[in-house]
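A note on names: the letters A, B, ... follow the listed sequences, proteins ahead of strands, and every chain is numbered from 1.
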Protein chains: 2
Amino acid sequence: MHPTFQHHDHSHCAGDSLARAEALMAERGARLTPVRKRVLEILLEAHKALGAYDVLQRLAAEGYGNQPPVAYRALDFLVEQGLAHRIQRLNAFTACMHAGEAHAPAFLICDRCATVAEAPVAPIRAALEAAAAEMGFAVERVSLEATGLCPACREAA
Amino acid sequence: MHPTFQHHDHSHCAGDSLARAEALMAERGARLTPVRKRVLEILLEAHKALGAYDVLQRLAAEGYGNQPPVAYRALDFLVEQGLAHRIQRLNAFTACMHAGEAHAPAFLICDRCATVAEAPVAPIRAALEAAAAEMGFAVERVSLEATGLCPACREAA
DNA sequence: CTATGTATGTAATATTATAACAGGTCAAGA
DNA sequence: TCTTGACCTGTTATAATATTACATACATAG
């Protein structure tokens with residue numbers, strides 16, 4: 001089974017990711033400011049897709065600004081930097097589990113518990129780009145999102 | 001080059017699709033009422049993704065209801081019946097070019113002109129399902145959307 | 001220290017989508 | 001024929017998501 005769906009010590013993987021993010025940002029000269037860092041932590045802690053307003057609520061509760069742009073800006077920054085992904089289907093955001101690894105993510109979204117896993121699908125992206133090229137279309141960005149039931153919810157059902 | 005991106009007599013392909021849609025609905029005992037039919041026509045005529053409110057505006061101009069649910073309900077019906085697709089990335093809808101054919105669509109969305117083409121990617125879906133299955137995840141629905149430049153806009157740029 | 005670019009805070013508003021209910025249409029069965 | 005029930009349409013109201021515009025603060029290079 002994929003790690004995302006296993007029971008695991010969550011504070012661990014969150015801590016690792018955070019450390020990696022800080023290293024990456026330092027390397028790039030990008031600023032992981034307090035708001036941005038906190039937003040990333042929030043996403044990591046949640047370990048599922050959160051809406052911008054969910055994030056905003058938590059920020060506000062901690063003394064950060066409580067207007068939408070505060071959340072959206074931080075989230076946009078994280079997405080640009082590859083530290084988070086936007087899940088179109090859910091109008092929501094999730095922390096990236098492979099920051100810096102240059103991956104072509106596919107998302108598996110559980111309809112029940114809203115857990116989001118990243119599946120490895122580099123070959124799929126290659127196939128799509130080939131098909132598109134044949135049609136004369138130059139692909140820039142791909143989003144591949146599947147809904148269904150994760151192992152846990154599958155058992156429960 | 002793919003037909004969608006070629007210059008073509010548009011009223012033709014729209015007419016064909018409409019006829020096919022009517023046949024399909026008759027076969028299934030589903031009701032392609034005037035609003036629904038008109039919405040499908042609007043999508044076919046536009047030949048690109050339209051937002052629900054774009055559709056609504058045109059409906060209202062023609063004497064149909066002018067409140068959001070009028071558009072959303074018709075669009076939802078068309079999507080359920082496989083006569084249209086929802087493009088998550090754009091919060092928009094487009095007529096299906098292969099109604100009734102049981103296809104797993106991938107969408108190629110031009111960043112410039114917003115034209116949307118359906119690319120044939122059945123094998124891709126199969127690959128994704130296999131990868132997901134290995135992780136214990138049961139896929140129900142997939143959306144695969146790529147942005148980039150269509151042939152025409154590519155030349156223009 | 002001060003000019004510059006970048007980040008944050010806030011108010012206002014735009015865009016997308018749904019809930020809840022009333023009335024109309026139509027076909028099947030009493 | 002009349003009634004019933006399913007479904008479609010219309011409308012009001014509101015929720016949820018996202019952006020624009022502008023003011024303020026903050027870091028840092030010159």
Side-chain angles (χ1 to χ4, degrees), chain A residues 21-22 25-26 28-43 49-81 83-94 109 114 143 145, chain B residues 21-22 25-26 28-43 46 48-81 83-94 109 114 143 145:
Chain A
E22 294 198 288
M25 294 302 95
R28 290 184 196 162
R31 295 168 56 193
L32 193 61
T33 62
V35 204
R36 292 166 175 177
K37 183 172 164 183
R38 189 65 196 111
V39 169
L40 180 54
E41 285 170 5
I42 288 168
L43 290 180
L50 292 183
Y53 282 74
D54 294 334
V55 171
L56 180 57
Q57 216 178 312
R58 297 181 208 212
L59 286 179
E62 296 172 26
Y64 295 95
N66 70 343
Q67 299 302 315
V70 174
Y72 281 104
R73 283 194 289 233
L75 289 165
D76 288 349
F77 170 87
L78 295 174
V79 169
E80 261 167 35
Q81 295 294 327
L83 300 177
H85 299 291
R86 176 178 214 129
I87 310 295
Q88 307 280 352
R89 243 189 140 82
L90 303 178
N91 294 321
F93 301 81
T94 181
I109 307 161
S143 76
E145 304 177 358
Chain B
E22 295 198 288
M25 292 304 94
R28 289 184 198 162
R31 294 169 56 192
L32 192 60
T33 62
V35 204
R36 291 168 176 176
K37 184 173 163 185
R38 187 69 195 111
V39 169
L40 180 54
E41 284 170 4
I42 287 168
L43 292 180
K48 58 172 195 150
L50 292 182
Y53 282 75
D54 294 334
V55 171
L56 180 57
Q57 216 178 312
R58 299 182 205 212
L59 285 178
E62 298 173 24
Y64 295 96
N66 70 342
Q67 298 303 315
V70 173
Y72 279 104
R73 283 193 290 231
L75 289 165
D76 289 349
F77 170 86
L78 294 173
V79 170
E80 261 167 36
Q81 295 294 326
L83 300 178
H85 299 291
R86 176 177 217 132
I87 310 296
Q88 308 280 352
R89 236 183 147 87
L90 304 178
N91 293 320
F93 300 83
T94 184
I109 306 162
S143 75
E145 302 177 358

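In this structure, CD1 of B/Ile87 is placed 18 Å from C1' of C/dA17, rounded to the nearest angstrom. The CG atom of A/Leu90 sits 13 Å away from the C1' atom of D/dT17 (whole-angstrom rounding). Summarising the geometry, the separation between CG on B/Leu32 and C1' on D/dC8 is reported as 13 Å, rounded to the nearest angstrom. If you measure from atom OH of A/Tyr64 to atom P of D/dC26, you get 14 Å, rounded to the nearest angstrom. The interatomic distance linking A/Leu75 (CG) with C/dA7 (P) rounds to 15 Å, in whole Å. Regarding A/Glu62, its CD atom lies at a distance of 12 Å from the P atom of C/dG9, rounded to whole Å. For the pair B/Met25 CE and D/dC8 P, the computed distance is 12 Å after rounding to whole Å. The distance between atom CG of B/Leu56 and atom C1' of C/dT15, rounded to the nearest whole Å, is 13 Å.
Distances were taken from every side-chain heavy atom of B/Ala52 (C-beta onward) to each of D/dT17, C/dA17, D/dT9; the shortest belongs to C/dA17. For A/Tyr72, whose side chain is taken as the heavy atoms from C-beta onward, the closest listed nucleotide among D/dT17, C/dA7, D/dC8 is D/dT17. Taking the side chain of A/Pro69 as heavy atoms from C-beta on, and the options D/dA21, C/dA20, C/dT18, the nearest nucleotide is D/dA21. The side chain of A/Arg31 sits closest to C/dA7 out of C/dA7, C/dA17, D/dA18. Nearest to the side-chain atoms of B/Asn66 among the listed nucleotides D/dT20, D/dT11, C/dT18 stands D/dT11.
Position along DNA chain D of the nearest nucleotide to B/Asn91 versus B/Gln67 favours B/Gln67 as the more 5'-ward residue. Comparing A/Arg73 and A/Arg86 along DNA chain D, the residue whose closest nucleotide (by nearest heavy atom) sits nearer the 5' end is A/Arg86. Each of A/Pro68 and B/Phe93 was assigned the nucleotide of DNA chain C with the nearest heavy atom; the assignment lying further toward the 5' end belongs to A/Pro68.
Looking at B/Arg31 and B/Met25, their side chains never come closer than 4.5 Å, going by heavy atoms from C-beta outward. With a 4.5 Å cut-off on side-chain heavy atoms, A/Arg36 and A/Arg73 do not count as touching. The closest side-chain heavy-atom distance from A/Leu32 to A/Phe77 is below 4.5 Å.
Tested against B/Ile42, the residues B/Lys37, B/Gln57, B/Arg58 include a single side-chain contact (heavy atoms from CB on, under 4.5 Å) partner, B/Arg58.
A donor-acceptor contact under 3.5 Å is not formed by the side chain of A/Tyr53 with the base of D/dA15.
Taking the salt bridge (charged side-chain N to carboxylate O under 4.0 Å, His left out) definition, one finds that B/Arg38 meets it with B/Glu41, B/Glu45, B/Glu62, sequence neighbours left out.
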